[in-house]
Amino acid sequence: MSHFSYRNGILHGEDVPLNTIARDFGSPTYVYSKAALTEHFRAYADACKANGRDDTSSLVCYSVKSNSNIAVLNLLNKLGSGFDIVSGGELLRVLAAGGSPRKVIFSGVGKSREEMRLALSHDILCFNVESIPELHRLNEVAAELGKRAPISLRVNPNVDAKTHPYISTGLKDNKFGVAYEDALETYRVAASLPHIDVTGIDCHIGSQLLDDAPLLEAVDKLIELIDTLAAEGIHVHHLDIGGGIGINYNNDQPVAVGDYLSRLFAKIDAWRKAKYDNAPIKVLFEPGRSIVGNAGILLTEVQFIKHGETKNFAIVDAAMNDLMRPAMYEAWHGVQTVKQTTDDNAPVYDVVGPVCESGDWLARDRALAIEQGDLLAIMSAGAYGMTMSSNYNTRGRAAEVIVDGKEVHLIRKRESPADLFALESLLP
Ligand SMILES: *Cc1c(COP(=O)(O)O)cnc(C)c1O
């Protein structure tokens, strides 16, 4: 169920009318729903339980890069989440949010020595390694610290996730992961290094997947590889399927998380029964978008209406620096007026921001009954919204709030212009 809906003609986040949020916190503002975040996380946790898993045999590692506000991380941590990070900075966020490093996995193709040191010093659960040079670097850094680094190899199963090329990551010509054909040799290298502990295997084939078939196909390939490794005496203790489940942006019908996990666990159980005498393997997930995407909206105010020669523009106070997805992926986001409208003959607008780029648009060709000063909600903006924002055009980042029933909590202040150049200095 959506936690953003009209009541008495006004769009609400849970029990809070969005116009009061604009009044109290200004615009643009990201608004997240605590109930939605909770519900979306529980879809994973409950499906693990329903399929006979407990905390020792499954772990949901929320992908921090999709929405990294420490209030969001803190909430998910209380719900039992682990975390998938892609930088040292994200590890510090998890720690600031009260998360345990023992539930942190570290993904990414370009980990620096400093990031490795930080993660090793906190004894994170696992490094998801993506290349042989990375294995050697990690081995060296672990040696310096007198530690052994637990690793999983991110294997590229070469399956087509059938999603946007920019968010497809499991195909051959991709910078991510170790090629399937090279995985065995890479595991042999890992197993030979004195400060590396082989503990798992992982993949992440793409994002905004509506169907789970490519994920299940990827798991088949990982299972095959685990059997080959076992025959060589290399034993992996966890299988990490990555994230990638999509959300409804525009009449999309993503697979239900519970259905996907049932099929996945059935496959894994049958395999373990047939080949490993039912010995369990821990299963990890790295969902981002499917937890936060539809738990958030971007609230923005119409500044001007402009009638061009061939197009009408609604110029709003949010821009590509606030929500980059349309400019970057031509992504579609729903646009709803905060005041409910019913005009069937409303003019068609491009919703654009004030940034000096033609690529600065948030939505195109939308029929909207609006006038200057009206508030709009850009829907499905909880994932890869705030985290991808920038200060282009010296625009401070938006405020962020969480609604919880009738309450609104400010979780990030709006950036002031002075914040933006505080780290800069003049020449002597
Ligand atoms: C971004 C990312 C995720 C999360 O993907 P979603 O599509 O948001 O679920 C998971 N794992 C890795 C390695 C990622 O880079």
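Just so you know, ligand 1 is whichever comes first in the structure, and atom 1 is the first atom listed for that ligand.
Judged purely by distance below 3.5 Å, without hydrogens or angles, the side chains of Ser389 and Asp322 never pair a donor atom with an acceptor atom.
A cation-pi contact links Arg272 to Tyr276, judged by a cut-off of 6.0 Å to the six-membered ring centre and 45° from its axis.
Residues Leu91 and Ala119 come closest through the heavy atom pair CD2-CA, 3.7 Å. Here the shortest heavy-atom pairing between Arg93 and Ser68 reads NH1-O, 3.0 Å.
At distances below 3.5 Å, not a single donor-acceptor pair connects side-chain atoms of Ser2 with backbone N or O atoms of Ser5.
Of the charged side-chain nitrogens involved, none lies within less than 4.0 Å of a carboxylate oxygen, so that Arg42 and Glu39 do not count as a salt-bridged pair.
Every protein residue with a heavy atom nearer than 4.0 Å to ligand 1 is included here: Ser63, Lys65, Asp84, Ser107, Arg154, His204, Ser207, Gly243, Gly244, Glu286, Pro287, Gly288, Arg289, Tyr384.
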